[in-house]
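Both counts, for ligands and for their atoms, begin at 1 and track the order of listing.
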Amino acid sequence: MGQRAQPTLLGLDVPDLLELLGEGARPYRARQIYDALYRRNVADLDEQTALPKELRDQLRSQMPHGRLEVDQRFDSADGTTRYLLKLPADGRSVETVLMPQDDRHTICISSQVGCPVDCKFCLTAQMGLERSLSAGEIVGQVLHVCKEHGLDPRAEHVNIVMMGMGEPLLNLPNVLKATRILCDAHGVGFSQRRITVSTSGIVPKIAELGAAEVRPHLAISLNASHEEQRRELMPITKKYHLADLMEACKAFPLRPREFLFFEYVMLRGVNDTDADARRVVALLANMRAKVNFIALNPGPGIPFQTPDPERVASFQKIVMKSMPCYVRRPRGLDIYAACGQLKKMQTEDLVTIQ
Ligand code: SAH
Ligand code: SF4
């Protein structure tokens, strides 16, 4: 844990590239390299013949490109694709999921290999933390999926959710740098309105995220309706209390027409009663909030059950009276690509659930 990834060209911004090129370098050269890496998404800088050959040779000798390669690919019956992408810095791999729906595409990316937060319902938690991803490794997941599936980041119908492996707010500098590159019109070209980051509730980092000039929308994994229940399900609550989390949410500087999102994993007989629903309403009162309910996606070693659809509907009906709320449809359940299922499951593991 804590091991740093070796630097790569992916992840560098224009000032970093200028510094890399060294004294006397012309700024437009740095911009050309930036354009090739992110806007053109070239697999190899040698494709960029507008760059002088000596410059390409210099760059190659200085740093690897950092492109992620497919280790494994799993395709679900519902059209979802889960990738295990190899990180060139140390050969570890990370998971990235593409969920197409009608003419929309959502790319779910990871911020860490594994996760140090010990949520009791989540398979990723069982891995612990291997390490955090660099900005280049975060951007690289998006570049890979866009290239492989011919997606145009500038198109209105492509969204990014930072809801894969890891706790993004424990890797905030790299998450923010990746967001700046992803949302730069000269970079990858996404709009900030189409990126969302989800956190388990690292309270002090919420204000830091709110202060960032370029930042994703914020989603909070609430998952419980009171302190004691949340401590049991998400032990991080012992450090960051629910009341403080709600205060940080209320203080979050929302932009015009922006909403805070809350996720609530429903566990049968644990946090899915009507009384829980009423407490959720009370907790989120006076916030500009939307709530997503996720019926538990099961997995080996997860000591909870999925509630019946009727229970989910009853819960939703109560919350719906006070704020917009939705039930998230599981995607890629058959290939362990759904929420909370990312643990590098292998083909032989998959057989048991097909
Ligand atoms: N670590 C961040 C980002 C991951 S998002 C976070 O927890 O917010 C993953 C989402 O899936 C979270 O909202 C989490 O609460 C939810 N989740 C985790 N395990 C799950 C499971 N087994 N079934 C359904 N949702 C789950
Ligand atoms: Fe980490 Fe999120 Fe899973 Fe909790 S739910 S263990 S924070 S990935």
Give a yes or no on whether atom 2 (Fe) of ligand 2 lies under 4.0 Å from any heavy atom of the protein.
no
Does any N or O in the side chain of Gln192 come within less than 3.5 Å of the main-chain N or O of Arg215, such that one atom is a donor and the other an acceptor?
yes
Under 3.5 Å donor-acceptor, Asn292 side chain and Glu263 backbone
no
Given the rule that I, L, V, M, F, W and Y join up when any side-chain heavy atoms are under 4.5 Å apart, are Leu222 and Ile236 in one cluster?
yes
Numbered atoms and elements of ligand 1 in range of Ser200, under 4.0 angstrom, heavy atoms
6 (C), 8 (O)
For atom 9 (C) of ligand 1, find the nearest protein heavy atom and state the residue, atom name and distance (0.1 Å precision).
Met163 O, 3.8 Å
Only heavy atoms of Ser200, strictly under 4.0 Å: list the atoms of ligand 2 that pass.
7 (S)
Considering the heavy atoms of Leu296, write down every atom of ligand 1 situated less than 4.0 Å from one of them.
21 (C), 22 (N), 23 (N)
Give a yes or no answer on whether the side chain of Asn271 reaches the backbone of Leu267 with a donor-acceptor pair at less than 3.5 Å.
yes
Give the residue and atom name of whichever protein heavy atom lies nearest to atom 2 (C) of ligand 1, and the separation in Å to one decimal.
Ser198 O, 3.4 Å
Closest protein heavy atom to atom 4 (Fe) of ligand 2, given as residue, atom name and distance to 0.1 Å:
Cys119 SG, 2.4 Å
Interfacing atoms of ligand 2 (cut-off 4.0 Å, heavy-atom, Cys115):
1 (Fe), 6 (S), 7 (S), 8 (S)
Can you tell me which residue and heavy atom of the protein come closest to atom 19 (N) of ligand 1, and the distance to 0.1 Å?
Gly340 CA, 3.1 Å
With a 4.0 Å cut-off on heavy atoms, is Gly164 touching ligand 1?
yes
Closest non-hydrogen protein atom to atom 6 (C) of ligand 1, residue and atom name please, with distance?
Ser221 OG, 3.4 Å
Quick check: does any side chain N or O of Thr80 sit under 3.5 Å from a backbone N or O of Ser76, one acting as donor and the other as acceptor?
no
Determine the interplanar angle of the Phe121 and Phe304 rings, folded into 0 to 90°, and report it as parallel if under 30°, tilted if 30 to 60°, perpendicular if over 60°.
tilted
With a 4.5 Å limit on heavy-atom distance, are the side chains of Val158 and Pro153 in contact?
no
Closest protein heavy atom to atom 23 (N) of ligand 1, given as residue, atom name and distance to 0.1 Å
Asn297 N, 2.8 Å
Heavy atom of Ile302, distance to ligand 1 below 4.0 Å:
no
I'd like to know if Cys115 contacts ligand 1, where contact means a heavy-atom distance under 4.0 Å to any ligand atom.
no
Per-atom contacts, ligand 1 versus Glu263 - under 4.0 Å to a heavy atom
13 (O)
Would you please test Phe74 and Tyr83 for ring-ring contact (aromatic ring centres under 6.0 Å, His included) and show each step?
CA-CA 6 Å; Phe74 303 94; Tyr83 286 101; 9.4 Å; no
Using side chain to side chain contact (heavy atoms under 4.5 Å, CB included) as the criterion, point out the one residue from Thr179, Leu182, Thr196 that pairs with Pro216.
Thr179
Pairs of nitrogen or oxygen atoms closer than 3.5 Å, one from Phe121 and one from ligand 1: do any exist?
yes
Ring centres under 6.0 Å, that's the criterion: do Phe315 and Phe293 meet it?
yes
Using atom types as modelled and distance alone, determine if a side-chain donor or acceptor of Thr237 lies under 3.5 Å from a backbone N or O of Tyr240.
no
Row check, Phe259 ring normal vs Lys290 NZ/CZ: under 6.0 Å, within 45°:
yes
I need the nearest protein heavy-atom contact for atom 6 (S) of ligand 2: residue, atom name and distance, please.
Val117 O, 2.8 Å
Residue, atom and distance of the protein heavy atom nearest atom 17 (N) of ligand 1 read Val265 CG2, 3.7 Å
Within the distance-only criterion (no hydrogens, no angle test), does the side chain of Thr81 pair as donor or acceptor with the backbone N or O of Asp75 below 3.5 angstrom?
no
Check if Gly166 has a non-hydrogen atom at a distance under 4.0 Å from any atom of ligand 1.
yes
Protein contact of atom 21 (C) of ligand 1 - nearest heavy atom, named by residue and atom, plus distance
Cys339 O, 3.4 Å
Is there any N or O on Asn223 that sits under 3.5 Å from an N or O of ligand 1?
yes
Which ligand 1 atoms does Ile294 reach within 4.0 Å, using its non-hydrogen atoms?
24 (C), 25 (N)
Examine distances only and state if a side-chain atom of His217 and a backbone atom of Arg193 form a donor-acceptor pair shorter than 3.5 Å.
yes
Using a 4.0 Å cutoff against the non-hydrogen atoms of Glu167, which atoms of ligand 1 qualify?
1 (N), 2 (C)
Ligand-side contact atoms (ligand 1) for residue partner Thr199, heavy atom cut-off under 4.0 Å:
6 (C), 8 (O)
